[in-house]
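Structure first, commentary second.
Heavy-atom basis, side chains included; hydrogens, waters and symmetry copies ignored. Just follow the structure's listing: the first ligand is 1, and inside any ligand the first atom is 1. Here, residue 1 is the first one in the sequence, and each next residue gets the next number.
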Amino acid sequence: MGNNNESGHVMRAARRLAVGLVSAALLIGAAGPAAVADGGPTTLRAASRNLLIGTAVGLPQLDTDPTYSQILATQFDSVTPENAMKWDTTEPQPGVFNFAPADHIVAFAKDHGQRVRGHTLVWHSQLPSWVTNGNWTPDQLRDILRRHIMVEAGHFKGQVYAWDVVNEPLDDSAILRDTIFLQKLGPGYIADAFRWAHEAAPNAKLYINDYNVEGINAKSTAYYDLIKGLLAEGVPVSGFGIQGHLGIQYGFPDQIQANIQRFVDLGLEVSFTEVDVRMPLPVTEAKLATQADYYSRLLEPCLAVKGCVGFTVWGFTDKYSWATYFAGQGAATIYDENYNPKPAYWAVLADLAARGRR
Ligand code: XIL
C-alpha cells in the first residue's frame, strides 16, 4: 500500500477509535484522533520534522507481515535492529561474522529513506558463550573485543548513523557492571571500545546507552560523571542514550528535561532509544490513558531541548513487543496487536505536530 492508502487506514482507525476513546482523549487533552482530523500531519514521520522518530525492527515480521512493514515504512524515519546487530547474531563463532539479518534491515531502511541506529557493540547480554566461557587471558579478550568492534562497526561504516557502543555498563547500584569485560580488562574497556568504534566508523555518533536514566537519579548522575571523565581523557563519546523502558505501575521519573540538558551541556547529543510503557494486564481505558500520558511526558522534554535528536520506540505494535517478557505485563507499545493506534500513538502524533521543531 502507498501513502494515500496508509492515510486512509489511519483515518479509518481514527474514526473507529473516536467513540471508544472519548474518556481517554479527555484525559490526554488534544492527543486524540481529532488532532489528525483537523488537517494536521497523518503520520509520525510527517509530524516529526527535525526529530528522528524511530522504532526497533524485528525479524522475521519485516518479511512475513505486510502491515508491519507498511507501518514501519510510513510512520518512522529511523530504525534500530532489535536483535540483528547483537554479538550472538553477528559473531556467533570466533571470527565468524554474520551480517545478513542486519544487512537486510539496513537495506529496508535505505529503500525507505530511513536512518539506522546500530545496537549494540558491547553488552553483557546476548553475548555468545564462546566469549563468556572461553577462559581467555586479558590480552586474548582484548583482541577479541577489538576485532568484534572493528569488524562490525567497519562493516556498517557510512550506513549506521549512531552506534550504541557500550550498552548498560552500569548496574542497578550505579556502579560498573560486573561483566567479563570489566573482570578481565578493567574499567578501561569502555574507553577502548569507543576509540575502536571511532577508528572503524569515524563519522558515526557514539553512544553510551542504559535504562532507568530518564530523570536525575543516582544512575544518571553516575553516567554524567563517567562520561565527563571520558571526555576529559579525549575519549570519543558523542551521545547519551536513554532507553526509556517504563511501566505505569512504577510511577513517572522526575526532572527529565534537566537531565537531558546536563548531558547536552557536556557537548553530547541525547536520544531516547528504546521507549515503551508497559502495564499490568489486562488493558483498560484508564491504563491506556496513563500510558499515553507517559509517552508524552517522555517526548515533550526531548522536543524542548535542541540536543535531544531522536525518540525511538522499542517496537510499535503489541503483536511483537518484548514487554511480555515481564510476567503479567505487556501492551507497552503505541499500536495494539491488531495495528489499531492506541491513545499513546495519538499523544505522540499530537506532541510532534504541536511541538516539533521547525
Ligand atoms: C530485547 C529484545 O527486544 C528481545 O527481542 C530480546 O529477546 C532481548 O533483548 N534493553 C536493550 C535491548 O538494550 O537490546 C533489549 O532488547 C531490551 C532491553
Check your understanding: Would the Y345 and Y295 ring centres measure less than 6.0 Å apart?
Key -> no
Does ligand 1 have any N/O atom under 3.5 Å from a protein N/O, and what are those pairs and their distances?
| from | atom 1 | to | atom 2 | distance (Å) |
| --- | --- | --- | --- | --- |
| ligand 1 | 3 (O) | E82 | OE2 | 2.4 |
| ligand 1 | 3 (O) | W314 | NE1 | 2.9 |
| ligand 1 | 5 (O) | E82 | OE2 | 3.3 |
| ligand 1 | 5 (O) | N83 | ND2 | 3.0 |
| ligand 1 | 9 (O) | K86 | NZ | 3.2 |
| ligand 1 | 9 (O) | Q126 | OE1 | 3.2 |
| ligand 1 | 10 (N) | E168 | OE2 | 3.4 |
| ligand 1 | 10 (N) | E274 | OE1 | 3.0 |
| ligand 1 | 13 (O) | H119 | NE2 | 3.2 |
| ligand 1 | 13 (O) | N167 | ND2 | 2.9 |
| ligand 1 | 13 (O) | Q243 | NE2 | 3.4 |
| ligand 1 | 13 (O) | E274 | OE1 | 3.2 |
| ligand 1 | 13 (O) | E274 | OE2 | 2.8 |
| ligand 1 | 14 (O) | K86 | NZ | 2.7 |
| ligand 1 | 14 (O) | H119 | NE2 | 2.7 |
| ligand 1 | 16 (O) | K86 | NZ | 3.2 |
| ligand 1 | 16 (O) | W314 | NE1 | 3.3 |

Would you give me the side-chain donor-acceptor pairs under 3.5 Å for residues 267-281, sequence neighbours excluded?
| from | atom 1 | to | atom 2 | distance (Å) |
| --- | --- | --- | --- | --- |
| E269 | OE2 | Y161 | OH | 3.0 |
| E269 | OE2 | Y207 | OH | 2.5 |
| S271 | OG | Y207 | OH | 2.7 |
| T273 | OG1 | N209 | OD1 | 2.7 |
| T273 | OG1 | I242 | O | 3.4 |
| E274 | OE1 | H245 | NE2 | 2.7 |
| E274 | OE2 | N209 | ND2 | 3.2 |
| D276 | OD1 | H245 | ND1 | 2.7 |
| D276 | OD2 | W322 | NE1 | 2.9 |
| R278 | NE | Q329 | OE1 | 2.8 |

Practice item. Taking ring pair (Phe, Tyr, Trp, His ring centres under 6.0 Å) as the test, write out the residues that go with F99, two or more places apart. Key: F97, H155, F156
Practice item. Look at the aromatic rings of F263 and F240 and report parallel, tilted or perpendicular, splitting at 30° and 60°. Key: parallel
Check your understanding: With R142, which residues qualify under side-chain contact (heavy atoms from CB on, under 4.5 Å), at least two apart?
Key -> L185, D192, W196
Revision key, fill the gap. For W163 and A204, the nearest pair of non-hydrogen atoms, with its separation, is CD1-CB, 4.1 Å
